[in-house]
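In what follows, a single structure is set out as structure tokens and then discussed.
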Amino acid sequence: MWNRSSRKSSKEKFTSAQQAYDCALNLLSYRDFSKQKMQERLQQKGADEEQAEEAIEKLQEYGLINDERYANRVYEGWLNKRCYGRQHLAAELTKRGLEPELAQRVLALFTPELEAEHAARAAELFLQRNKAKLAQAQDNALEPQDRRLLYNKIYAAAGRFMAARGFSSRYTQILWEKLQVDTDI
């Protein structure tokens with residue numbers, strides 16, 4: 001059975017950089033970290049700034065922490081999501097603690113053509129999720145003003161949907177064009 005007392009309390013301070021290094025190795029056994037996030041995590045666990053820096057230097061020396069490799073992994077994982085835009089990627093890279101110039105290099109990999117493909121997939125997802133509302137809007141029994149009101153709500157929801165996924169208005173236009181073709185308004 002797992003013994004709670006064998007685990008180091010987050011309030012206890014490390015007495016050496018070796019303890020910080022051992023803690024970092026344990027953290028890395030679960031997932032990758034950027035240099036900044038590892039620094040923060042080690043200090044949360046009880047390392048002072050100097051111990052954390054020394055442990056990180058050793059990890060970098062052995063190639064266990066490499067922000068460029070980590071940024072590329074984050075990008076590859078994010079790219080598989082397939083329905084998000086540039087702004088979402090930029091936020092993800094910032095959240096992961098990557099340096100701005102490294103984030104810019106990764107963002108350069110996400111070409112406008114790739115973003116347009118992602119926007120088209122996101123548009124299809126929106127249309128799929130809102131089939132019932134679109135069918136209701138096409139109902140001939142609706143009064144013209146009610147139909148217009150419903151279409152306006154659908155267009156507003158489409159804009160929010162795309163913005164929440166990190167697409168600029170340029171790519172939101174892709175969804176609006178699909179709505180026009182599909183609804184003939």
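For clarity, every value in this text was computed on a predicted model and none was experimentally measured.
With hydrophobic clusters built from ILVMFWY side chains whose heavy atoms lie under 4.5 angstrom apart, L134 shares a cluster with F126. Residues I154 and Y171 are members of one and the same hydrophobic cluster, defined by side-chain heavy-atom contacts under 4.5 angstrom among Ile, Leu, Val, Met, Phe, Trp and Tyr. Residues L93 and Y84 are members of one and the same hydrophobic cluster, defined by side-chain heavy-atom contacts under 4.5 angstrom among Ile, Leu, Val, Met, Phe, Trp and Tyr. Cluster annotation: L98 and L79 are assigned to the same hydrophobic cluster (Ile/Leu/Val/Met/Phe/Trp/Tyr, side-chain heavy-atom contacts under 4.5 Å, transitive).
Counting only distance, with no hydrogens or angles, the side chain of E115 and the backbone of R86 share a donor-acceptor pair below 3.5 Å. Judged purely by atom type and a 3.5 angstrom limit, N72 uses its side chain to pair as donor or acceptor with the backbone of E68. In this structure a side-chain-to-backbone donor-acceptor pair under 3.5 Å is present from N66 to R69. Side chain of S16 to backbone of Q19: a donor-acceptor contact under 3.5 angstrom is found.
Nearest approach of L175 to A158, heavy atoms of both residues: CD2-CB, 3.3 Å. Looking at every heavy atom in both residues, C83 comes nearest to L125 through SG-CD2, 4.2 Å. In this structure, I174 and A123 approach most closely via the heavy-atom pair CG2-CB, 4.5 Å. Here the shortest heavy-atom pairing between S34 and D67 reads CA-OD1, 3.2 Å.
Ring geometry, Y75 versus F110: the interplanar angle exceeds 60°, so the pair is classed perpendicular (tilted spans 30 to 60°).
R165 forms a cation-pi arrangement with F161, by the criterion of a distance under 6.0 Å to the ring centre and an angle within 45° of the ring axis. The cationic group of R170 does not satisfy the cation-pi geometry with F167, failing either the under 6.0 Å distance to the six-membered ring centre or the 45° limit from the ring axis.
Within a 6.0 Å sphere centred on CZ of R82, heavy atoms belonging to other residues, nucleotides or ligands number 12 at most. In the displayed structure, E50 atom CD is contacted under 6.0 Å by at most 12 heavy atoms of other residues, nucleotides or ligands. The number of heavy atoms from other shown groups lying within 6.0 Å of NZ (K153) does not exceed 12.
For the atom pair Y62 OH and L28 CG, the distance stands at 14.0 Å (nearest 0.5 Å). Note that CD1 of I65 is 4.0 Å distant from CE of M38, once rounded to the nearest 0.5 Å. The distance from atom CG of L107 to atom CD of Q87, rounded to the nearest 0.5 Å, is 10.5 Å. Here the CG atom belonging to D32 is positioned 14.5 Å from the NZ atom belonging to K37, to the nearest 0.5 angstrom. Distance check: K35 NZ to E57 CD gives 7.5 Å after rounding to the nearest 0.5 Å. L42 contributes atom CG, which lies 9.5 Å from atom CD of Q51 (distance to the nearest 0.5 angstrom).
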Any chance you could lay out the side-chain contact (heavy atoms from CB on, under 4.5 Å) test for L25 and L64, step after step, and finish with the verdict? CA-CA 9 Å; L25 286 176; L64 297 173; 3.6 Å; yes
Check step by step if salt bridge (charged side-chain N to carboxylate O under 4.0 Å, His left out) holds for R121 and E117. CA-CA 6 Å; R121 286 190 198 109; E117 286 177 26; 3.8 Å; yes
Please test N26 against S29 for side-chain contact (heavy atoms from CB on, under 4.5 Å), starting from the C-alpha separation and ending with a verdict. CA-CA 5 Å; N26 186 43; S29 71; 3.8 Å; yes
Between F14 and D48, does a side-chain contact (heavy atoms from CB on, under 4.5 Å) hold up when you go through it step by step? CA-CA 8 Å; F14 290 142; D48 62 31; over 6 Å; no
Could you walk me through whether I56 and F33 pass the side-chain contact (heavy atoms from CB on, under 4.5 Å) test, one step at a time? CA-CA 11 Å; I56 290 171; F33 288 86; over 6 Å; no
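Of the N and O atoms on the side chains of E76 and N80, not one donor lies less than 3.5 Å from an acceptor on the other residue. A donor-acceptor pair shorter than 3.5 Å cannot be found between the side chains of Q44 and E40.
The existence of a salt bridge linking R96 and E92 is confirmed by a sub-4.0 Å separation between a basic side-chain nitrogen and an acidic carboxylate oxygen. At a threshold of 4.0 Å, the pair E54-K58 does not count as salt-bridged, since none of the basic side-chain nitrogens sits closer than that to a carboxylate oxygen.
Side-chain atoms of Y155 and W176, non-hydrogen and from C-beta on, do get closer than 4.5 Å to each other.
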